[in-house]
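Heads up, the thing below is written out as structure tokens.
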Amino acid sequence: MLMIAAALDEELETARSLCVHVEKMAFDRVKLWKGLLGDEPVVLMRAGVGPRKSAERLMEALQVVQPSQILVVGYGGALAPALKLGCIVGIVKATALRLNDRSPGWDHCEVEGEYALKSNTSMIKIAEAAGLSACMGDTLTSAHVLGNPVHKQLLHERFSAAVVDMETAAFARVAGLKGIPLSCIRVISDEAADSFLAPFSYDPSAGIPARTKQLLGTGMVETYREWKTHSSIAKDCLSRFLSKQLSLTSSLEIRE
């Protein structure tokens, strides 16, 4: 049985809309649905944002369902300058980052764990068939929003990762403990040079008053409008990709 997991409801909806006979499962803390993808049973999980919450929710979900594999889907911020809005990235390795309390700043962050994901090399051909650009690459998982182009460039140069997100490494750690293969597809929702998320970006070298002033000083309406425009494009690209990939589930393409 396949489990499809995402942080946000709108990310999960791209997969849920492709399933039939979808029913919400009675479970207190975790948002779970069951349905059919073709003739195959599937479980869908909305985990919430951030590594701690996503790990806890997946661990709880695995107490009541036993998937044979997990597919994580969702948005990601580009670290590699070549990645454009809507590009599909198949994640090869997820690295969990941890900030160093003694030396604040993204240039001193530490690696908390590295996790190799299940490869799905056919995804590039699937994306091309859907008229989308795609590549394979690594992701960094952070507990904080990274929206400052300076920070993104610094992390790309240090780790050579393509994408940053807030859940993949946490999902991979839990799946690894349970011996469940996990793959991940991220669609670019903000490019490396984009700065519209900068007001929400965590800068450990700045104090709370400075961060508050930055947030209050930005045009919140404009920031929200730009995010909605970008996320709408990303959602459409993710939906187009998944409609191609998940239609191959019955022929075992997703399980290569």
Side-chain angles (χ1 to χ4, degrees), residues 4-8 10-15 17-18 49 71-95 97 116-142 145-169 171-172 182-198 200-201 225-248 253-254 256:
I4 302 175
L8 302 175
E10 68 176 79
E11 296 170 326
L12 190 63
E13 180 59 29
T14 60
S17 64
L18 301 173
V49 177
L71 172 64
V72 176
V73 299
Y75 306 149
L79 296 179
L83 294 181
K84 302 304 179 184
L85 176 64
C87 181
I88 304 294
V89 182
I91 302 303
V92 178
K93 181 181 72 173
T95 298
L97 295 185
L117 275 58
K118 179 184 176 184
S119 178
N120 184 9
T121 54
S122 65
M123 57 80 60
I124 295 179
K125 291 183 178 180
I126 294 171
E128 290 174 348
L132 302 166
S133 61
C135 67
M136 307 297 291
D138 297 341
T139 190
L140 302 178
T141 294
S142 166
V145 175
L146 272 159
N148 188 319
V150 173
H151 298 158
K152 290 189 280 187
Q153 180 181 357
L154 185 155
L155 292 176
H156 176 61
E157 291 175 350
R158 180 176 172 186
F159 295 101
S160 300
V163 182
V164 63
D165 66 63
M166 299 181 71
E167 298 84 25
T168 306
F171 280 135
L182 181 141
S183 56
C184 178
I185 297 295
R186 292 287 176 183
V187 59
I188 298 303
S189 56
D190 57 290
E191 300 178 8
D194 284 335
S195 59
F196 64 89
L197 290 178
F200 302 94
S201 184
R225 185 182 295 118
E226 190 163 4
W227 163 247
K228 291 300 293 183
T229 298
H230 279 235
S231 63
S232 177
I233 293 171
K235 181 179 179 180
D236 177 67
C237 292
L238 183 60
S239 180
R240 287 162 56 192
F241 173 80
L242 289 178
S243 67
K244 289 285 186 181
Q245 186 186 34
L246 295 181
S247 68
L248 299 175
E253 281 284 341
I254 197 173
E256 69 166 18

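Numbers for residues simply follow the sequence, beginning at 1.
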Item to check | Donor-acceptor pair, side chain of E11 and main chain of Y75, under 3.5 angstrom | outcome: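 Yes; at least one donor-acceptor contact below 3.5 Å.
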Checklist entry - Between S232 and K228, is there a donor-acceptor pair closer than 3.5 Å when you use the side chain of the first and the backbone of the second? => result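 Checking the backbone N and O of K228 against the side chain of S232, no donor-acceptor pair under 3.5 Å is found.
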Checklist entry - What do the steps show when you test V163 against T168 for side-chain contact (heavy atoms from CB on, under 4.5 Å), and what is the final call? => result CA-CA 11 Å; V163 182; T168 306; over 6 Å; no
Indicate the atoms forming the closest heavy-atom contact of [X] with [Y], along with that distance.
X	Y	result
A134	I124	CB-CA, 4.2 Å
R240	S243	O-OG, 2.8 Å
V89	M136	CG1-C, 4.4 Å
T95	A169	C-CB, 4.0 Å
C237	L132	O-CD1, 3.3 Å
P149	A193	CG-O, 3.6 Å

Side chains of [X] and [Y] in contact at under 4.5 Å (non-hydrogen atoms):
X	Y	result
I185	F241	yes
F159	D138	no
L155	V164	no
V72	E167	no

Checklist entry - Can you check side-chain contact (heavy atoms from CB on, under 4.5 Å) on S183 and L71, steps first, answer last? => result CA-CA 5 Å; S183 56; L71 172 64; 3.4 Å; yes
Checklist entry - Q153 pairs by side chain to side chain donor-acceptor pair (under 3.5 Å) with which of E157, H156, H151? => result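 Answer to the side chain to side chain donor-acceptor pair (under 3.5 Å) test with Q153 among E157, H156, H151: E157.
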Item to check | Partners meeting side chain to side chain donor-acceptor pair (under 3.5 Å) with T139 (sequence neighbours left out) | outcome: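 By the side chain to side chain donor-acceptor pair (under 3.5 Å) rule, T139 matches D165.
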From [X] [atom1] over to [Y] [atom2], what is the distance, rounded to the nearest 0.5 angstrom?
X	Y	atom1	atom2	value
N148	S195	CG	OG	8.5 Å
E128	S133	CD	OG	9.5 Å
I91	M123	CD1	CE	8.5 Å
T14	L242	OG1	CG	4.5 Å
L238	E10	CG	CD	10.0 Å
L197	H230	CG	NE2	9.0 Å

Item to check | Verdict with reasoning, K235 to L8, per side-chain contact (heavy atoms from CB on, under 4.5 Å) | outcome: CA-CA 11 Å; K235 181 179 179 180; L8 302 175; over 6 Å; no
Item to check | side-chain contact (heavy atoms from CB on, under 4.5 Å) evaluation trace for L246 with I4 | outcome: CA-CA 10 Å; L246 295 181; I4 302 175; 3.9 Å; yes
